[in-house]
Colleague: 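Take this structure, written in structure tokens, and hold onto it; I'll ask about it next.
What you see is a predicted model; the values in this text were computed from it and never measured. Residues take their numbers from the sequence shown, with the count starting at 1.
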Amino acid sequence: MAQRTVCLCDGKYIGIETIYTVVDGQQINIPQKLHELRIKSRNNQLFCPCGCGSNLILVAGDQNKR
């Protein structure tokens, strides 16, 4: 389970809810959004929003459904 549901990127907060939608109670990942955040994660562009400045790593499955 995620401890934090937001990260900082380019001075803006990004919520984890931006990479999925819910259909019939199931979380469905949005592939394009997930891909964009994975690239930012791999390039160390995601940071902890608490102010500590730590890099965050996106951990999300490759499957479309959670």
Side-chain angles (χ1 to χ4, degrees):
M1 178 178 280
Q3 294 293 318
R4 296 194 184 274
T5 59
V6 296
C7 64
L8 266 174
C9 181
D10 300 325
K12 298 177 187 172
Y13 288 103
I14 297 175
I16 194 70
E17 73 279 356
T18 63
I19 66 169
Y20 71 86
T21 188
V22 177
V23 176
D24 296 327
Q26 296 262 342
Q27 176 179 319
I28 309 294
N29 292 334
I30 302 168
Q32 183 60 30
K33 297 267 186 172
L34 186 57
H35 179 72
E36 291 169 7
L37 276 186
R38 276 202 176 111
I39 289 172
K40 290 177 187 270
S41 177
R42 289 180 188 137
N43 290 329
N44 296 320
Q45 295 176 309
L46 303 180
F47 299 96
C48 180
C50 79
C52 70
S54 295
N55 279 100
L56 295 181
I57 298 169
L58 177 67
V59 178
D62 288 325
Q63 303 233 344
N64 197 28
K65 289 188 175 182
R66 178 179 180 190

Colleague: Measuring from atom CZ of Arg38 to atom NE2 of His35, what distance do you get when rounded to the nearest 0.5 angstrom?
Modeller: 9.5 Å
Colleague: Kindly write out the residues that satisfy salt bridge (Lys or Arg N to Asp or Glu O under 4.0 Å) with Asp24, not counting sequence neighbours, or none if the list is empty.
Modeller: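 Once residues adjacent in sequence are excluded, Asp24 has no partner under the salt bridge (Lys or Arg N to Asp or Glu O under 4.0 Å) criterion.
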Colleague: Between CD1 of Ile30 and CD of Glu36, what distance do you get to the nearest 0.5 Å?
Modeller: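 Going from CD1 on Ile30 over to CD on Glu36, the span is 10.0 Å.
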Colleague: Give the table of side-chain donor-acceptor pairs shorter than 3.5 Å for residues 43-56, with sequence neighbours excluded, one pair per line with atom names and distance.
Modeller:
from  : atom 1 : to    : atom 2 : distance (Å)
Asn43 : ND2    : Ile39 : O      : 3.2
Asn55 : ND2    : Asn44 : O      : 3.0

Colleague: According to side chain to side chain contact (heavy atoms under 4.5 Å, CB included), who are the partners of Val22, at least two apart in sequence or on a separate chain?
Modeller: Tyr20
